[in-house]
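Inspection log for the structure reproduced underneath, given as structure tokens.
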Amino acid sequence: MQTLALVITVLVFNAFTTQAQTNPAIRKQQFNLDNGLAIQGYDPVAYFTQNKAVKGQEANTVTFKNVTYRFATPANAETFKASPSTYEPAYGGWCAYAMGATGEKVEIDPGTFKIKDGHLYLFYNKFFNNTLPKWNKEEMNLQKKANQRWTKFVGNNS
């Protein structure tokens, strides 16, 4: 039963993520961008390949549907270009815990992240408040709520 719930959650999340990725205007308005730059300039591919946050270089910049990413290497930029939706962070790069707990867009610490089921989740971690352990305690419930709440920002048919 728990496996079925997880499969349904992943399918719903993928549907919402795909819909958000289809509308560049919504992406630019709703994603967590610092002067148009996603993940505060950190390389989204490096999270998957090196399992750590790595600052991207201005020379390795790729814009995908109004969202600009930086990469540590030209190879990572090419990897991203081949499959952008694989590497983009969940919930537009906002704190996954906050999206699940309250439905709010909360800033993140690029060094506090989790890769699960092929998705990059980012978390707030400042002022003695690391939300990743809180997420881990209630992950299935929070993920389900975050998937639903993210639609208020990107819609169902974006």
Side-chain angles (χ1 to χ4, degrees), residues 10 12-127 129-132 134-135 142-158:
V10 169
V12 169
F13 175 76
N14 286 341
F16 292 141
T17 301
T18 300
Q19 290 166 354
Q21 292 172 351
T22 62
N23 191 321
I26 288 175
R27 290 167 54 86
K28 187 172 186 174
Q29 181 183 24
Q30 299 299 341
F31 278 43
N32 185 1
L33 305 177
D34 182 12
N35 294 321
L37 190 59
I39 319 175
Q40 299 172 22
Y42 281 78
D43 181 337
V45 174
Y47 286 103
F48 290 87
T49 61
Q50 297 180 35
N51 197 34
K52 66 180 182 178
V54 177
K55 196 76 165 166
Q57 304 297 315
E58 189 173 355
N60 304 314
T61 300
V62 175
T63 299
F64 175 66
K65 296 185 179 179
N66 281 347
V67 177
T68 302
Y69 294 92
R70 289 200 176 147
F71 301 89
T73 66
N76 282 7
E78 292 304 316
T79 298
F80 180 84
K81 286 180 192 177
S83 184
S85 62
T86 300
Y87 300 101
E88 287 197 301
Y91 317 122
W94 298 104
C95 174
Y97 173 81
M99 190 60 62
T102 63
E104 295 177 282
K105 295 192 280 187
V106 171
E107 289 298 327
I108 53 99
D109 169 7
T112 307
F113 69 97
K114 181 174 188 172
I115 304 277
K116 182 162 185 208
D117 299 326
H119 297 286
L120 170 62
Y121 298 94
L122 299 166
F123 299 90
Y124 178 87
N125 185 4
K126 294 179 186 166
F127 307 112
N129 184 12
N130 182 348
T131 59
L132 176 56
K134 295 174 186 180
W135 171 269
L142 287 169
Q143 183 181 23
K144 180 180 176 184
K145 288 179 180 179
N147 292 344
Q148 293 167 345
R149 289 174 171 156
W150 180 234
T151 64
K152 85 177 179 181
F153 299 106
V154 297
N156 286 327
N157 299 308
S158 303

R70 and Q57: CA distance, side-chain angles, deciding distance, side-chain contact (heavy atoms from CB on, under 4.5 Å) verdict: CA-CA 6 Å; R70 289 200 176 147; Q57 304 297 315; over 6 Å; no
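- For T112, the side-chain hydrogen bond (donor to acceptor under 3.5 Å, both in side chains) partners two or more places apart in sequence, or in a different chain, are D109, N125.
- Under the side-chain contact (heavy atoms from CB on, under 4.5 Å) criterion, Q29 pairs with no residue, sequence neighbours left out.
- With a 6.0 Å radius and a threshold of 12 heavy atoms from other residues, nucleotides or ligands, K52 has its NZ atom at or below the threshold.
- Looking at R149, its side chain does come within 3.5 Å of a backbone N or O of G100 through a donor-acceptor pair.
- Using the six-membered ring where Trp is involved, Y121 and Y91 have ring planes that are tilted, between 30° and 60° apart.
- K105 is not listed as a side-chain neighbour of N32, based on a closest heavy-atom distance of 4.5 Å or more.
- For N129, the side-chain contact (heavy atoms from CB on, under 4.5 Å) test picks out Y124, T131, K134, with sequence neighbours left out.
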Show me the donor-acceptor pairs within less than 3.5 Å that the side chains of residues 40-49 make with the rest of the protein, sequence neighbours left out.
unit_1 : atom_1 : unit_2 : atom_2 : d
Q40    : NE2    : I108   : O      : 3.2
D43    : OD1    : V45    : N      : 2.8
D43    : OD1    : A46    : N      : 3.1
D43    : OD2    : A72    : N      : 2.8
D43    : OD2    : N76    : ND2    : 2.7
Y47    : OH     : P110   : O      : 2.7
T49    : OG1    : V45    : O      : 3.3

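- A search for salt bridge (charged side-chain N to carboxylate O under 4.0 Å, His left out) contacts involving E78 returns K81, not counting sequence neighbours.
- Partners of N66 by side-chain contact (heavy atoms from CB on, under 4.5 Å), not counting sequence neighbours, listed by chain and number: P24, K28.
- Of all heavy-atom pairs between V62 and A77, the closest is CG2-CB, 3.9 Å.
- Between the R27 side chain and the F64 main chain, a donor and an acceptor come within less than 3.5 Å of each other.
- When side chains are defined from C-beta on, M99 does not count as touching E104, because their heavy atoms never get closer than 4.5 Å.
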Candidate pair F113 and N51, rule side-chain contact (heavy atoms from CB on, under 4.5 Å), full reasoning: CA-CA 9 Å; F113 69 97; N51 197 34; 3.6 Å; yes
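- Taking the six-membered ring for Trp and thresholds of 30 and 60 degrees, Y87 and F80 have ring planes inclined between 30 and 60 degrees apart.
- In terms of modelled atom types and a separation under 3.5 Å, the side chain of W94 and the main chain of Q30 share a donor-acceptor contact.
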